[in-house]
Novice: 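Encoded as C-alpha cells, here's the structure I'll be asking about.
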Amino acid sequence: MDKVYNNKSVEERIYKNWEEKGYFNPRERFGNREKFSIILPPPNANAPLHFGHAMYVIEDILTRFNRMLGKKTLWLPGADHAGFETQFVYEKKLQEKGKSRFDYEREELYEMIMDYVQNNRKGMEDQLRRLGFSLDWEKKKFTLDEDIIKIVYKTFKWLYDDGLVYRQKRLVNYCTFDGTGFSDLEVLYEERKNPLYYIKYGPLVLATTRPETKFGDTAIAVNPDDKRYKKYIGKEIEIETVLGKAKIKVIADKMVDPEFGTGVVKITPAHDFNDFEAGQRHNLPMVQVINFDGKMNEKAGKFEGLYVRQARKAVVDEMQKKGLIDHIDENYVHRIGVCYKCKNPIEPLPMEQWFVKMEPLARKAMETVKNKDIRIYPENFNKLYLQFLEGIRDWNISRQIIWGIRIPAYKCENCGEWEVTEGEPREKCGKCSGKMVQDSDTFDTWFSSGQWPYATLKTTGGLEYYPTSVMETGYDILRWWVARMVMLGIYIQEKEGVKDIKKQIPFKDVVLHGLVNDPLGKKMSKSKGNVINPLELVDQYGADAVRFALVYGTALGNDQSLSYPKLEAMRKFTNKLWNMARFIEFQKNEKELKVAELSIQELRVLSKKHGEKDMWQSDRSMIEKTEKITAEITRLLNNYDFNHSAQNLYDFAWHEFADIYIEESKKSLNNNDDASRHTFDVLTSSFLILLKLLHPFMPFVTEEIYDLLYGGEEDLIISKWPSLE
RNA sequence: GGGCUCGUAGCUCAGUUGGUUAGAGCGUUGCAUUGACAUUGCAAAGGUCAGAAGUUCGACUCUUCUCGGGCCCACCA
C-alpha cells in the first residue's frame, strides 16, 4: 500500500469496475424482497453542475445503504431541458455572435439548442460519476425524450378533457425583453424607488406610479365608505387629459385604501392585476395600451411607439405643461415585479394562455401530507408546503419560447375552435373543415418535470418502483417542483385507474437539503462569478472527502458555506483510514496472520468463549463498541440524520478505533500468542464492519481498502450491511 | 403585513424526543513522536449557549417578548 492515500489513482478505476459489473442496476441478484428507489432531480442540461449539486450525495448515501441492506435498489438519473432558462442562456450566446433568435427558423434554432444541450449533458454526467454516485446509467432519461413527451401530451389531454386545463385571456406576467409570459412563481419582487405622481382627474386628484397607462383607464375608484368622495360614486366626471377632454366613471370598491395617496385610484384593467380583478367585478372594458414589444400602441395617441419608460417621461412632461400634475413624491419606495432572469420590470399584459386549474389538484396534495402518506423532512417545511398549496392560483403553463415541448393544441384559422390532441397533428377543423394551426407556445418546463417520477419509471419499465421511496432535493424547489410532482403524480395515477392514495403519490418521503454557499456565505451564481465546480474540489481533496464534508456538521435543511478547512480535515480523515489499513497490513505481513471477517454475532461468540487469559479486555470492549456504532448508524440513516451519522463515524474511527483500540492492540500483537491472534481477528473484523458503515459516505477509499486488505471476490458496494441479529 | 430560519469557543459550524464538568474542525499554547499517519498522539487555554421573563427538580434544548442577521410569501395604486 502507498504511504498516502492517492484518490486520483483509485477513484476512476473503482467507479469503472462498479459500473461494468452492473452494481448500479437493480437486478434480481441484488435482492428481490423489498425495493428502494430514488429519482435524481434532473439537473438543468444547459450548464455544468455547480457545487450545490454535490448535495445529491445524500441520495447516494441512501442508495448505497439500502443496496447493502439487500434491497432491490434503483437510483435513476436524468436531465432537464430547462426550457426558458436554457433558451435564455443560448440567446446570450447568440448575442455574443451578433445574432438573435429571430435570425433562425424555429426548427433550426431547436436543433442548435439541442446540440448545445446534449454536449453539456456529457460533462454533467461525468461530474456525477466523479462524485461516485451509483446511478443506474442504463436508465437515464431526458425531459425531451420522445417517450417522455408522449406522456406529457397525454397528461395535458387528460387535464383538458377533465376541464382542468383551460384557455383564457387574462393578465399574464410578461417580460417584454425576453418575449415570454411567466407563472407567478417566476416573478421576483424588488424594492425600487419610483416617483409617485399626483395627477388631477377633473375635480379629483389621484396618485399613481404609472401615468403612462392612463390611456387604458376605464374607471376611477374610491372606497365606498370614504365620505370625501361619496358624491362622485356612480357619476361620470369630465377630466382634462394630455389627449384632450374625456369622461370617466367613478366606482366604489373596497380594494381602495382611503389612507393611501388621496384615496382615489385609477383603474386600468389591462395593465394591473388588481385593476383587472376590479374590472371583472364592475364589468369594465379592458383597454390595452402597451404592446408585447414593450411599446405604447395607437391608444396612446401621439405617444404611440414609445417604450414604457420613455412614454412615462413624455406623458409627465406634457401633464406638467398642462398643469395636470398636482405634485410628485420623488421618494416613493415600493415593490415591483421583475423578470427573474433579466431583472427588467414585468409588464402585466392581457393574453390568451393555457392555465391549469389548481384547486382540485392542490386539495389532494395537501391531504397526503396532512395524513402523513407523504412525510417531509425536516418537518418545518410542512408548513411552507401547505401554505403554498392553500393559496395557490391557477398555473399559466404557456411559454412563448421554442425550446421545450410544443403544446399539442391546434386552432382553426377559420372558426377559431381549439382542439387538444395527444400529440398527433390536426390538419382540418372538425367543425368547419378550416385549416388548423398548432399553438406556437411550449409548456412551462415544470409542467413536464412535474411528471418526472411517473414518466421516468413508466418509460424504463420500472413502474414497480412507483411510488419511489424518497424524493431528495433542495428546499428551494419545494413549491416549484415537489408540490407539482405530488399534484400531477396523484392525478396521473388516478387516470391510470389506481385507487389507493398510497400508490398514487409519487414518493413516500421528501428529504430537503440546504443550499451550499461560497466560503463567504454568499450564494453562488454565475453573474457573481463565484461558482465552484465540484470537480476542482474532487481533484484536490478526493471525492470521499468532498462527500463527507457536505454532510458532516450540517443539519438537514440548513444552508452551509463551503469550508476549505473542513474539506482539508476530511481529506485527512480519508488518509487516516488509509493508514489504519496500512497498520493492519503491516501486522498481517510481519506476523503472517490472516485477516478475519467475523460478523458481529461471531465476535460476540468469540468474546464469550474465551477467558481473561486468552483475550484482552480492549478486544472485548471493541466488540461492544462496534455493536453499538452499528446500531447507531443504522438508526440514524433510517432517520435521514446524515450529520450525526458522519460525526459518529468520524469520532469512532479516529478516536475510538485508531487512538485507543489500535494503540491497545499493539501491546497484544507484540506477544505473538493465542490472545494476540484473537486480537487480530477482532481488529480486522471490526475494521471491516467500520468500512461497511463508512462505505455509503466514502465509497472509494473503503472499497479500495477492502480490495487490498481483504481481497474478497465480492466488492464492498454489494456486501451485506452489518446486522445485529 | 405574514411565515420560516439563524444568533453556541478567535473563525466555520454541530448539539440526535430537557438530564451529570456544553462539543468538533481550523486557529492558539505546551509536551511527546518520524514508530500505520506529507505527520500523529497527549494535554491546555478559550463560551454568563444574543438579551429578558416564564414552565420545570433541572433549559442551549419548551413558551412568550425584545434586539440583531438571512430567506420566502403577500394585489399597496
Side-chain angles (χ1 to χ4, degrees), chain A residues 1-6 171 184-185 188-189 194 196-199 206-211 213 220-221 255-257 259-268 271-278 332-337 348 378 380-384 386-388 390-391 393 475-476 478-479 514-515 517 519-523 549 551-587 590 632 635-636 639-648 650-651 654-655 658-660 662-663 665-666:
Chain A
M1 287 174 80
D2 294 339
K3 202 166 178 203
V4 173
Y5 173 64
N6 183 350
L171 280 201
D184 294 326
L185 284 182
L188 277 181
Y189 287 88
N194 285 321
L196 182 62
Y197 303 95
Y198 285 77
I199 304 175
L206 60 79
T208 179
T209 54
R210 302 211 55 188
T213 62
I220 52 182
M255 76 179 258
V256 182
D257 175 5
E259 304 291 316
F260 185 89
T262 57
V264 184
V265 162
K266 69 194 203 63
I267 303 292
T268 322
H271 296 290
D272 181 282
F273 287 100
N274 282 322
D275 295 1
F276 177 79
E277 280 168 29
Y332 182 61
V333 176
H334 64 152
R335 294 166 69 78
I336 62 164
N380 52 287
F381 287 107
N382 274 301
K383 202 162 182 180
L384 205 68
L386 293 172
Q387 216 168 267
F388 167 61
E390 203 111 358
R393 288 192 283 169
Y475 66 78
D476 54 326
L478 176 66
R479 292 168 304 130
L515 311 179
N517 294 320
L520 299 172
K522 296 259 155 54
K523 193 173 174 176
V551 293
Y552 182 100
T554 308
L556 188 63
N558 276 13
D559 293 353
Q560 62 177 313
S561 300
L562 182 65
S563 160
Y564 291 105
K566 188 153 114 182
L567 284 164
E568 181 57 21
M570 294 312 150
R571 190 195 60 77
K572 283 186 180 168
F573 182 50
T574 52
N575 200 49
K576 186 76 182 178
L577 292 169
W578 183 256
N579 276 294
M580 287 156 71
R582 286 219 314 153
F583 169 76
I584 291 176
E585 196 196 35
F586 278 127
Q587 299 298 325
E590 197 180 312
E632 185 68 356
R635 201 204 83 202
L636 290 169
N639 288 329
Y640 304 116
D641 190 342
F642 309 100
N643 171 36
H644 285 108
S645 302
Q647 291 205 17
N648 288 348
Y650 181 95
D651 289 342
W654 202 310
H655 303 301
D659 290 350
I660 298 174
I662 286 186
E663 292 309 317
S665 74
K666 285 175 184 172

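Everything quoted here is computed from the prediction, not taken from an experiment.
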Novice: Suppose we screen for side chain to side chain donor-acceptor pair (under 3.5 Å). Which residues come up paired with A:K522, at least two apart in sequence or across chains?
Specialist: none
Novice: Expressed in angstrom and rounded to an integer, what is the separation of A:N579 atom CG from B:A36 atom P?
Specialist: 10 Å
Novice: Would you classify A:V264 as touching base, sugar-phosphate or nothing, given that sugar-phosphate means primed atoms plus P, OP1 and OP2, and contacts are heavy atoms under 4.0 Å?
Specialist: nothing
Novice: Specify the residue among A:D275 and A:K3 whose closest nucleotide of RNA chain B lies further upstream toward the 5′ end.
Specialist: A:K3
Novice: When the C1' atoms of B:G47 and B:G23 are compared, how many Å lie between them, rounded to an integer?
Specialist: 11 Å
Novice: Polar pairs (N or O, both sides) under 3.5 Å between protein and nucleotides 71-74 of chain B?
Specialist:
from  : atom 1 : to     : atom 2 : distance (Å)
B:C72 : O3'    : A:R479 : NH2    : 3.3
B:C73 : OP1    : A:R479 : NH2    : 3.3
B:A74 : N6     : A:R335 : NE     : 2.9

Novice: Taking B:G51 as the reference, what is the distance to B:A59 when you measure between their C1' atoms (whole Å, please)?
Specialist: 16 Å
Novice: Go through the structure and list residues passing side-chain contact (heavy atoms from CB on, under 4.5 Å) with A:Q560, not counting sequence neighbours.
Specialist: A:M55, A:V516, A:L550, A:T554, A:K566
Novice: Which letters describe nucleotides 7-26 of chain B, given B = protein heavy atom under 4.0 Å from base, S = only from sugar-phosphate, - = neither?
Specialist: ------SSSB-------SS-
Novice: Output all residues satisfying ring pair (Phe, Tyr, Trp, His ring centres under 6.0 Å) with A:Y197, sequence neighbours left out; order by chain, then residue number.
Specialist: none
Novice: When the P atoms of B:U5 and B:U64 are compared, how many Å lie between them, rounded to an integer?
Specialist: 12 Å
Novice: Using atom P in both nucleotides, what's the gap between B:A14 and B:A9 to the nearest angstrom?
Specialist: 12 Å
Novice: Reckon A:D257 touches a base, only the sugar-phosphate, or nothing at all at heavy-atom distances under 4.0 Å?
Specialist: base
Novice: So do A:N575 and A:V4 actually touch side chain to side chain, heavy atoms under 4.5 Å?
Specialist: yes
Novice: On the nucleotide B:G41, are OP1 or OP2 found under 4.0 Å from the side-chain N or O atoms that A:W654 carries?
Specialist: yes
Novice: If we take the C1' atom in both B:C11 and B:C57, what is their distance in whole Å?
Specialist: 38 Å
Novice: Applying ring pair (Phe, Tyr, Trp, His ring centres under 6.0 Å), can you list everything that pairs with A:F642, at least two apart in sequence or on another chain?
Specialist: none
Novice: RNA chain B: A:A207 or A:M580, which has the more 5' nearest nucleotide?
Specialist: A:M580
Novice: Test of understanding: with side chain to side chain donor-acceptor pair (under 3.5 Å), list the residues that count as partners of A:N382, not counting sequence neighbours.
Specialist: none
Novice: Taking only the P atom of each, what is the distance from B:U61 to B:U20 in whole angstrom?
Specialist: 14 Å
Novice: Let me know the distance between CG of A:N382 and P of B:G3, rounded to the nearest Å.
Specialist: 17 Å
Novice: Starting at atom NZ of A:K522, determine the distance to atom C1' of B:G70, rounded to an integer number of angstrom.
Specialist: 12 Å
Novice: For A:Y475, which residues count as a side chain to side chain donor-acceptor pair (under 3.5 Å) partner, sequence neighbours excluded?
Specialist: A:D559
Novice: In which stems does RNA chain B show up, taking only runs of three or more Watson-Crick or G-U wobble pairs whose two distances fall under 3.5 Å?
Specialist: B:1-7 with B:67-73, B:10-13 with B:23-26, B:28-32 with B:40-44, B:50-54 with B:62-66
Novice: Tell me, please, which residues at least two apart from A:E568 pass side chain to side chain donor-acceptor pair (under 3.5 Å).
Specialist: A:R571
Novice: Whole-Å distance between B:C75 C1' and A:N274 CG?
Specialist: 3 Å
Novice: Whole-Å distance between B:G69 P and A:N517 CG?
Specialist: 18 Å
Novice: Please state how far atom CD in A:E663 lies from atom P in B:U40, giving the value in whole angstrom units.
Specialist: 14 Å
Novice: Describe, in one word, how the ring planes of A:W654 and A:F573 are oriented to each other, choosing from parallel (under 30°), tilted (30 to 60°) and perpendicular (over 60°).
Specialist: parallel
Novice: Within the structure shown, what part of the strands sits under 4.0 Å from A:F273 by heavy-atom distance: base, sugar-phosphate, or nothing?
Specialist: nothing
Novice: Can you sort out the partners of A:H334 under ring pair (Phe, Tyr, Trp, His ring centres under 6.0 Å), two or more places apart, ordered by chain and number?
Specialist: A:Y332
Novice: Rounding to an integer number of angstrom, what distance separates B:A24 and B:U16 when you compare their C1' atoms?
Specialist: 15 Å
Novice: Are side-chain heavy atoms of A:D476 and A:L515 found at a separation under 4.5 Å?
Specialist: yes
Novice: For nucleotides B:U8 and B:G69, find the distance between their C1' atoms and express it as a whole number of Å.
Specialist: 16 Å
Novice: Which whole-number value in Å describes the distance from A:L520 CG to B:G70 C1'?
Specialist: 15 Å
Novice: For A:Y640, what residues pass the ring pair (Phe, Tyr, Trp, His ring centres under 6.0 Å) criterion, not counting sequence neighbours?
Specialist: A:Y377
Novice: CG of A:L577 versus C1' of B:A36: gap in Å, rounded?
Specialist: 12 Å
Novice: Can we say A:R582 and A:E585 salt-bridge, meaning some charged N sits less than 4.0 Å from an Asp/Glu carboxylate O?
Specialist: no
